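Ligands are counted one by one from 1 in listed order, and the atoms in each one are counted from 1 as well. Treat the numbers as computed from the prediction; the structure is a model and nothing was measured.
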Amino acid sequence: MRNFDGRVAVITGAASGIGLALCKAFYAQGMKLVMADIEKDALDKAVSLLSKDPDRVVGVLCDVSDADSVDNLAKAALESFGAVHLVCNNAGVVTGGPSWEQTHEQWEWVLGVNLWGVINGIRSFVPILLEQDEAHIVNTASMAGLVALPMATPYTVTKHAVVGLSESLLLELEIIGSTIGVSVLCPGWVKTSLVDAQRNKPAYVRTDTSQEVGAFTEHARDLMQTLIGNGMDPDTVAGQVVDAVSNGRFWIHTHQEMKGAISARFKRCVESENPQLALEGLVGGNI
Ligand code: NAD
């Protein structure tokens, strides 16, 4: 996608972190923005931080895990600006701890936001993007979509799925002769509020409070807090996304130093070697 000026971007998870940085970056390129998030106060604040001009920026309350809510987001975008050219399916949440001790509701929540959120975005927006002269979709996955991240298994499951979904979508669009671009964003650690994802946890999500689970979960959380707290500036990530969209690049690897971990994983895969707990490339000396 070459022309940003006056075009319309819809960004989910827009009230914080990477989503907010994407909004700032695409706004600076002259785009109109539909900022979508589940957290109302943070969304209102983010919208007014960017612009008070409703001809440039609107905020829409949306739960990406809910198909109707994402359909309504698409309707609101068309009502506001008459078209959509760029969609960033970015909203995400995480839980920590051993996979077998995550409650059914925790699994549902993480899969709902991180995977169904992207699926809903594709179902609601691709038909609209197909009507434009140029358009692009960015799906936020993670390094955890390319390398397993133990103690965050529901998260790993969803991010692997988003990588496969994005790759398959790109090929489908090529098969039908569409020029819609697709990118998959695979960041390493980025300094955001992701560790506090439970602030948006729906009421139905039950967490297990047994002592043992608590200890594991606390360790996973502390480690993630350290890594994210020392992570990359989200504005740097957003700059890389703008560059990938304008150059039609699919893979967005934000942390070059982590690529060795990806190669090692896939080398073990093709050579039929068992997975290894080799986290150094991902967590440095933090484990
Ligand atoms: P963040 O918590 O700062 O931002 C996430 C945003 O998503 C928040 O504004 C939150 O309100 C919103 N959100 C949560 N549930 C939602 C829902 N159901 N519907 C709509 N919005 C919802 O975290 P972030 O790190 O900026 O996360 C953005 C994306 O980046 C996520 O997909 C995350 O998995 C991914 N990611 C983050 C990192 C990192 O280190 N921070 C690394 C790799 C990938």
Any idea which atoms of ligand 1 are less than 4.0 Å away from a heavy-atom of [X]?
X      : value
Cys62  : 19 (N), 20 (C)
Trp189 : 40 (O)
Ile228 : 40 (O)
Val93  : 14 (C), 15 (N)
Thr140 : 29 (C), 30 (O), 32 (O), 35 (C)
Tyr155 : 33 (C), 34 (O), 35 (C), 36 (N), 37 (C), 43 (C), 44 (C)
Ala91  : 7 (O), 20 (C), 21 (N), 22 (C), 32 (O)

Sub-3.5 Å N/O-N/O distance, Ser65 and ligand 1: no
Have a look at ligand 1 and work out which part of [X], if any, has a heavy atom under 4.0 Å from it: side chain, backbone, both or neither.
X      : answer
Ala144 : neither
Lys191 : neither
Met143 : neither
Ile18  : both
Asn114 : neither
Asp63  : both
Val113 : side chain

Is [Y] close to [X] at the side-chain level, that is, under 4.5 Å between some pair of heavy atoms?
X      : Y      : answer
Gln132 : Val84  : no
Leu86  : Arg7   : no
Asn89  : Ile137 : yes

Quick check for you: to the nearest 0.5 Å, what is the distance between Thr179 atom OG1 and Asp133 atom CG? 8.0 Å
Under a 4.0 Å threshold between the charged nitrogen and the carboxylate oxygen, would Arg199 count as salt-bridged to Glu39? yes
Salt bridge or not between Arg249 and Asp243? Use side-chain N to carboxylate O under 4.0 Å. yes
Between the side chain of Asp63 and the main-chain N/O of Ser65, is any donor-acceptor distance below 3.5 Å? yes
Looking just at side-chain N and O atoms, do Asp5 and Gln29 make a donor-acceptor pair shorter than 3.5 Å? no
